[in-house]
Amino acid sequence: MRHQERISAYRVMWILVFLDLPTETKKDRKNYARFRKDLLQDGFTMMQFSVYLRHCPSGENAAVHIRRVEKSLPKKGQVSVLQITDRQYGDILNFWGKSSEPLPPPPQQLELF
């Protein structure tokens with residue numbers, strides 16, 4: 001596989017996790033905090049409140065992180081996971097008020113071999 005084929009915008013993936021978890025009881029808040037902490041420890045960053053995203057160099061790597069999300073799911077609440085290519089992620093429009101801002105540059109892709 002050639003270098004450019006390995007680092008293709010169609011092979012590089014982004015995972016978006018959308019969560020709507022209950023926070024009514026002390027136990028619910030603790031479960032919410034634990035799930036959020038697990039996401040952050042696995043390399044996710046907060047895009048918005050209740051939306052976390054992670055860059056993955058391949059679909060196989062994305063599958064690993066999706067399995068980790070599944071393992072740390074709380075008993076109550078709704079969690080949705082969306083997996084998109086880097087090309088699709090590049091089409092996201094971000095608005096702050098009525099102005100739009102370009103996406104921040106993606107993480108630097110390093111290849112060791």
Original post:
Do the side chains of Ile84 and Leu16 get nearer than 4.5 Å, heavy atoms only?
Top reply: yes
Subject >> Under 3.5 Å donor-acceptor, Arg11 side chain and Ser58 backbone >> reply: no
Subject >> Side-chain (Arg54) to main-chain (His65) donor-acceptor, under 3.5 angstrom >> reply: no
If you round to the nearest 0.5 Å, how far is [atom2] of [Y] from [atom1] of [X]?
X: Phe18; Y: Met47; atom1: CZ; atom2: CE; result: 8.0 Å
X: Phe44; Y: Ile15; atom1: CZ; atom2: CD1; result: 4.5 Å
X: Asp20; Y: Ser80; atom1: CG; atom2: OG; result: 9.0 Å
X: Arg36; Y: Phe49; atom1: CZ; atom2: CZ; result: 9.0 Å
X: Glu70; Y: Arg68; atom1: CD; atom2: CZ; result: 12.5 Å
X: Met13; Y: Thr85; atom1: CE; atom2: OG1; result: 6.0 Å

Original post:
Looking at Gln83, Gln88, His55, which one forms a side chain to side chain contact (heavy atoms under 4.5 Å, CB included) with Trp14?
Top reply: His55
Does [X] belong to the same Ile/Leu/Val/Met/Phe/Trp/Tyr cluster as [Y], with side-chain heavy atoms less than 4.5 Å apart forming each link?
X: Val69; Y: Val64; answer: no
X: Leu73; Y: Leu21; answer: yes
X: Leu40; Y: Val51; answer: no
X: Ile66; Y: Leu19; answer: yes

At their closest point, which heavy atom of [X] faces which heavy atom of [Y], and how far apart are they?
X: Val12; Y: Cys56; result: CG1-O, 3.5 Å
X: Pro22; Y: Gly77; result: CD-CA, 3.6 Å
X: Ser72; Y: Phe35; result: O-CD1, 3.1 Å

Subject >> Between Thr25 and Asp28: side-chain donor-acceptor atoms closer than 3.5 Å >> reply: yes
